[in-house]
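Okay, structure first, notes after.
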Amino acid sequence: QVQLQESGGGSVQAGGSLKLSCAVSGINEGCLAWFRQTPGNEREVVATLMAVGGFSYYADSVKGRFTISKDNAQNTLYLQMNGLTPEDTAMYYCAKGTRFLRQGTWTCSNTREVYYMGHGTQVTVSS
């Protein structure tokens, strides 16, 4: 059974930084990801990271500001968030899923349906 536990959320002013952490079972396999969701909206992918090989993907809205990484020894997934704006306010979810082949290349999905997710941690950015 996949275990995921997020931490590190909180309130910050615009322009500030936060680092989210997630304790993950089986961190060395498949795909790891962060999603976020605001009330009334779909849960959307923020970033994905292939456990082996390290290929990462970022949503356009966070590219250049957020960094996904992991510490295998600590079984921990991270999301470093810099330059936060009020639009980043959301519940953030750590996720783990399986990779799949697309045109002969291992790939991580951007859709929530193929991931197990934690319970989330709230990030609030004030202007």
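Here, residue 1 is the first one in the sequence, and each next residue gets the next number.
Hydrophobic clustering (ILVMFWY, side-chain heavy atoms < 4.5 Å, transitive): Leu84 and Tyr93 are in distinct clusters. A single hydrophobic cluster is seen to contain both Leu32 and Tyr58, as judged by linkage of ILVMFWY side chains at heavy-atom distances under 4.5 Å, directly or through other members. Linking Ile, Leu, Val, Met, Phe, Trp and Tyr residues whenever their side-chain heavy atoms come within less than 4.5 Å leaves Tyr92 and Val45 in two separate clusters. Under the 4.5 Å side-chain heavy-atom criterion for Ile, Leu, Val, Met, Phe, Trp and Tyr, Val2 and Ile27 are members of the same hydrophobic cluster. When the side chains of ILVMFWY residues are joined at heavy-atom separations under 4.5 Å, either directly or via intervening members, Met81 and Leu77 end up in a single hydrophobic cluster.
Nearest heavy atom pair, residue Gln3 against residue Ser25, reads N-OG, 2.7 Å. Of all heavy-atom pairs spanning Val46 and Phe35, the tightest one is CG2-C, 3.9 Å. Nearest heavy-atom pair across Arg65 and Asp88 is NH1-OD2, 2.8 Å. Of all heavy-atom pairs spanning Ile68 and Ala33, the tightest one is CD1-CA, 4.2 Å. Closest non-hydrogen pair, Thr89 versus Gln122, comes out as CG2-NE2, 4.0 Å. Pairing each heavy atom of Leu20 with each of Gly9, the nearest pair is CD2-N, 3.6 Å.
Separating the OG atom in Ser21 from the NZ atom in Lys70 is a distance of 14.5 Å, to the nearest 0.5 Å. The line from NZ of Lys63 to OG of Ser56 is 10.0 Å long, rounded to the nearest 0.5 Å. The CG atom of Asn72 sits 10.5 Å away from atom CD of Gln74, with the distance rounded to the nearest 0.5 Å. The SG atom of Cys94 lies 9.0 Å from the CD atom of Gln5; values are rounded to the nearest 0.5 Å. To the nearest 0.5 angstrom, Met91 atom CE is 8.5 Å from Thr124 atom OG1. Between Thr38 atom OG1 and Glu44 atom CD the span is 7.0 Å, to the nearest 0.5 Å.
For Trp34 (side chain) and Tyr78 (main-chain N/O), a donor-acceptor pair under 3.5 Å exists by modelled atom type. Here the side chain of Tyr115 pairs a donor or acceptor atom with the backbone of Ser109 at under 3.5 angstrom. Counting only distance, with no hydrogens or angles, the side chain of Thr107 and the backbone of Thr105 share a donor-acceptor pair below 3.5 Å.
Using a 4.5 Å heavy-atom cutoff, the side chains of Asn75 and Val24 are not in contact. Looking at heavy atoms from C-beta onward, Trp106 lies in side-chain contact with Leu101 at the 4.5 angstrom threshold. The side-chain heavy atoms of Val62 and Arg36, taken from C-beta on, include a pair separated by under 4.5 Å.
Ser69 and Thr67 share no side-chain donor-acceptor pair at under 3.5 Å.
The stretch residues 2-30 participates, sequence neighbours left out, in these salt bridge (Lys or Arg N to Asp or Glu O under 4.0 Å) pairs: Glu29-Lys96.
The environment of Tyr57 atom OH is dense: over 12 non-hydrogen atoms of other residues, nucleotides or ligands sit within 6.0 angstrom.
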### Task
Take Thr48 and Cys31 through the test side chain to side chain contact (heavy atoms under 4.5 Å, CB included) and record every step on the way to the result.
CA-CA 7 Å; Thr48 67; Cys31 295; 5.8 Å; no
